[in-house]
Every structure is written in C-alpha cells, then in structure tokens.
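Fair warning: this is a prediction, and the values are worked out from it, not measured in the lab. Every chain is numbered from 1 and lettered A, B, ... according to where its sequence line falls, protein lines coming before strand lines.
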Protein chains: 2
Amino acid sequence: MVKYAILGLLHYRNMHGYRIKEHIERNFGHMWSINYGQIYPNLKKLQDDGLILMAGVVQNDEKGPPRKLYAITEKGRHEFTAWLETSPEKSLLLRDPFLMRFVFYGFGDPGRAVEIIDEQIKKYEKDLTRRENNMDRWDKSGLYVRLIAELGVNLNAMMLDWLKHSREEILKAEARELDNDAANPNIRRAVS
Amino acid sequence: MVKYAILGLLHYRNMHGYRIKEHIERNFGHMWSINYGQIYPNLKKLQDDGLILMAGVVQNDEKGPPRKLYAITEKGRHEFTAWLETSPEKSLLLRDPFLMRFVFYGFGDPGRAVEIIDEQIKKYEKDLTRRENNMDRWDKSGLYVRLIAELGVNLNAMMLDWLKHSREEILKAEARELDNDAANPNIRRAVS
DNA sequence: AAAAAACATTTGACTCAATATATATTTTGT
DNA sequence: ACAAAATATATATTGAGTCAAATGTTTTTT
C-alpha cells in the first residue's frame with residue numbers, strides 16, 4: 001500500500017522522502033502510519049519501475065540539507081489511476097492489543113480491567129479533542145480528505161461511547177456479583 | 001498477539017489447532033483473522049516454553065482424524081494473567097485498502113468512486129445483518145464477548161452511516177460542479 | 001570555533017503475517 | 001472398492017512492516 005500512497009501524494013505536489021512521511025503522519029496519522037524504512041526503499045523501487053523520477057536536488061530557502069524532490073511520471077499516473085478505479089480486494093483490517101485483552105477480561109481482575117478501560121477513555125478523549133481542533137485544516141484540503149477526517153472523528157466518538165458503556169456494564173455486573181457473593185459467600189464465579 | 005490469543009482461548013477449554021482457528025474466525029472474525037501458518041508454529045513454541053501441554057490425542061466421537069488437544073499450564077495461566085493486566089503498549093491499528101483509495105478519489109472519476117462506495121455499502125449492510133443475527137450467540141458467551149460483539153455492530157453501523165453521508169456529499173459536489181461547468185464550460189476542476 | 005540540534009537519506013536485521021502447498025486420517029459419495 | 005470431501009497437522013516461502021541505527025548536511029546554540 002505504501003507504493004500507492006506515495007504515488008497519490010505526488011499528485012498533490014513534488015515531495016522529498018522526509019516530507020512524505022511528515023505529510024502522511026500529519027494527515028493520516030489517525031489511521032495510518034509509516035516508517036522511513038518503508039519510504040526510501042519504495043521511492044527507489046518506484047523510480048526503478050519508472051513510476052516516479054527525481055526532479056532535482058534542491059533547498060528552496062529552507063533549512064537543513066538539500067532535498068531529493070520526487071515527481072510522478074505519466075506511467076505512474078496511469079498505474080495509480082488503474083489502482084484507484086479497481087475495487088479493493090481486501091476488507092478493513094483492525095488490530096488492537098487493547099481489544100485483544102478486552103475479550104479475555106472475564107478471566108482477570110475486573111478492577112484492573114476498569115483501570116485499563118479508563119486509560120483508553122482518556123486516550124480517546126485526548127485524540128478526539130485534537131481531531132476536532134484540526135477540522136478547519138481538513139476543510140481546506142478537499143472534500144475527500146475532509147470526509148476521511150470526519151470518519152476519524154466518528155470512529156473516535158464511537159469508541160468513546162462504547163468504552164463508557166462497557167465500563168458501566170462491567171461495574172453493574174460487579175455490583176451484581178457482590179450482591180450474589182453476599183448471599184452466597186462460597187461461590188466465586190470465574191467467568192461472567 | 002497470537003500467543004496470548006491461544007492462551008486465552010485455552011482458558012475456556014482444551015482445544016486442538018484446527019478448532020482454535022475455527023473458534024477465532026467464528027467469534028472474532030469481524031475484527032481479526034488467523035492462519036494455520038500462525039497456529040501450529042505458535043502451538044509448538046508455547047509447548048516448548050512450557051505454557052501449554054498436549055493433553056492427549058483423541059477423537060471424542062467426532063469425524064475425521066485424531067486431534068491433538070492442548071491444555072494451558074499453570075505457568076501459562078500466570079504469564080497470560082500478567083499480560084492481561086499490563087496496559088496495551090500500542091494503539092488501535094486500522095488498515096483499509098478502500099479508505100486508502102478514498103483519500104485520493106479527488107484525483108479520479110467521481111462516478112467510479114460512487115460505484116465503489118456503493119459496493120462498500122452493500123458489503124457493510126450484509127455484515128451488519130449477519131452480526132445482528134448473531135447477537136443471541138454472543139449473549140450466551142459472557143459479558144465481555146457480548147460487549148465486543150456490540151462494538152462490531154456499532155463499528156459496522158458507523159461505517160454505513162459515514163459511507164452514505166459521503167456518497168451524498170460527493171453527489172452534491174458533483175451537481176455543483178455540473179452547475180459550475182454549465183456556467184463556465186471551459187473550467188474543469190481537477191481537485192475538489 | 002565547536003557542539004548540539006534539526007533536517008534528510010539510507011540500510012540491515014528482525015518480527016509478524018500471508019500464502020501456498022504438502023501430508024495424513026477418517027468419513028462420505030459414487 | 002475407490003475417489004472425493006472433510007477434518008486435521010504442518011511447513012516453507014514470500015511480503016509487509018517495525019525498529020534501530022548509521023550517515024550526511026545545514027543551522028542553531030553554547
């Protein structure tokens with residue numbers, strides 16, 4: 001996917017490697033990240049395949065070392081358009097070490113589970129504030145980028161709602177457990 | 001993560017490799033998948049590390065070849081609990097070839113974009129129906145599994161809302177574009 | 001003047017996941 | 001009886017991503 005992300009970005013303007021990572025992190029950081037270890041090898045491969053070319057080594061009144069500016073070629077535009085117009089072959093992939101743990105919280109200490117859920121709530125609240133504060137920027141970047149930013153906000157808000165709801169359900173279940181334990185002190189249920 | 005998923009599942013009951021994959025696909029398929037290429041090497045490693053042991057080779061009045069049943073050990077339970085109680089070190093990771101394309105739809109044909117969005121809407125509608133139909137099953141699997149299933153439903157519904165909203169916005173923008181083009185036929189905007 | 005920081009490029013080692021394929025055993029269908 | 005299908009185990013290869021570190025150049029700080 002890095003290949004097409006780079007080709008896509010080079011539609012906006014010519015860029016050097018370091019700026020490509022910056023741009024991705026600033027604009028897609030809420031849903032995707034990338035490493036230098038991915039950028040430079042891909043730039044080389046795209047260049048070898050004739051999809052981009054190095055348009056120059058410049059500095060443009062900016063600080064720091066000279067930059068290798070990359071530009072997309074006609075061949076690159078063509079291959080990018082073909083990719084853009086094909087239906088995605090795979091579904092959304094989601095990986096979350098927190099959710100992986102959550103599934104098994106029935107085997108652990110509910111108090112600790114609630115602590116970790118509280119940490120997640122704080123994290124998502126922070127992220128949500130940051131995303132909402134950035135909405136002005138997305139508005140200026142075009143319809144599709146704005147819609148993606150809205151998706152990020154929606155996803156964030158949805159996670160927050162669910163986390164808070166889960167927290168309540170867990171505490172309720174615990175209260176019920178304590179009531180049951182009071183009535184039956186010798187019973188200790190291991191699984192909800 | 002496969003390691004802890006396997007350890008977690010073996011808290012429910014002893015299982016053989018093939019059944020571990022089945023279980024994960026049936027219960028976490030909406031958010032995680034796994035391959036045989038991951039299961040058997042991990043089973044071997046967990047066994048070598050003393051976290052699980054092979055409890056027997058049985059058939060239990062079931063069809064097909066004999067099964068190697070794995071059971072978690074006390075050491076395995078201990079290490080699993082330690083993992084369960086640590087805070088997750090990484091955030092949610094989300095990868096979607098569709099969203100990767102979506103970001104760049106400004107460079108493509110809006111008609112084709114809407115077609116692909118329609119495909120996604122159909123897919124999520126289908127998934128949502130399936131998840132809602134399965135809610136009874138989750139209800140019986142414990143509080144945490146039910147909450148995760150609800151998250152899957154919420155995520156699905158949120159994606160559907162956003163896709164439909166995006167579709168409307170894109171068509172609106174296109175209509176505006178056509179009005180503009182009618183007034184200024186020599187202008188063809190490449191980017192929203 | 002020299003050191004530290006910022007900006008930029010690059011690479012190798014490693015981990016994890018995906019994929020394809022192979023083999024084995026039992027059950028079912030022809 | 002034999003082939004196909006289902007169930008189960010297993011592995012090698014490839015692809016993708018992570019991570020850490022190295023190197024280079026310019027600018028800023030001490």
### Query
Where each pair must be Watson-Crick or G-U wobble with both distances under 3.5 Å, what dot-bracket representation of DNA chain D is obtained, with crossing pairs in [ ] and other-strand partners as |?
||||||||||||||||||||||||||||||

### Heavy-atom check, side chain of B:L10 versus side chain of B:R13, under 4.5 Å
no

### Message
Side chains of B:L143 and A:Y105, heavy atoms from C-beta outward: is any pair under 4.5 Å?
### Response
no

#### Entry: Electrostatic pair B:K21:B:E25 at N-O distance under 4.0 angstrom
yes

### Query
If you look at every strand shown and take non-hydrogen atoms under 4.0 Å, does B:K90 touch a base, only sugar-phosphate, or nothing?
sugar-phosphate

### Task
Taking only the side-chain heavy atoms of A:P65 (C-beta and beyond), determine which of D:dT9, C:dA17, C:dC7 contains the nearest atom.
C:dC7

### Task
For B:Y18 and D:dT11, give me the distance from atom OH to atom P, rounded to whole Å.
18 Å

### Query
Any donor and acceptor pair, going by atom type alone, linking the side chain of A:D49 with main-chain N or O of A:L51 inside 3.5 Å?
no

### Task
Take atom CZ of A:R67 and atom C1' of C:dA6, then tell me their distance rounded to the nearest Å.
10 Å

### Task
Flag the pair A:Y144 / B:F104 as yes when their ring centroid distance falls below 6.0 Å, and as no otherwise.
no

### Message
Test salt bridge (charged side-chain N to carboxylate O under 4.0 Å, His left out) on A:E22 and A:R26; report intermediate values, then the result.
### Response
CA-CA 6 Å; A:E22 265 190 3; A:R26 192 183 305 130; 3.4 Å; yes

### Spacing of B:M100 atom CE relative to D:dA16 atom C1', expressed in whole Å
13 Å

### Message
Rounding to an integer number of Å, can you tell me how far A:Y70 OH sits from C:dT9 P?
### Response
7 Å

#### Entry: Taking every non-hydrogen atom, the tightest pair across A:L160 and A:I121
CD2-O, 3.6 Å

### Task
Taking the six-membered ring for Trp and the full ring for Phe, Tyr or His, determine whether the centres of B:H11 and B:F80 are under 6.0 Å apart.
yes

### Query
Separation of B:D48 atom CG from D:dA10 atom P, in whole Å?
12 Å

### Separation of atom CD in A:E22 from atom P in C:dA8, rounded to whole Å
7 Å

### Task
May I have the distance from A:D61 (atom CG) to D:dT27 (atom C1'), rounded to whole angstrom?
14 Å

### Message
Is the distance between the ring centroids of B:W162 and B:F102 under 6.0 Å?
### Response
yes

## Note on the structure
Rounded to whole Å, CE of B:M15 lies from C1' of D:dT7 at a distance of 16 Å

#### Entry: Contact under 4.0 Å: B:K68 side-chain N or O vs D:dA8 OP1/OP2
no

### Close residues, residues 35-44 of chain A, relative to DNA chain C [heavy-atom separation under 4.0 Å]
A:Y36, A:G37, A:Y40, A:P41

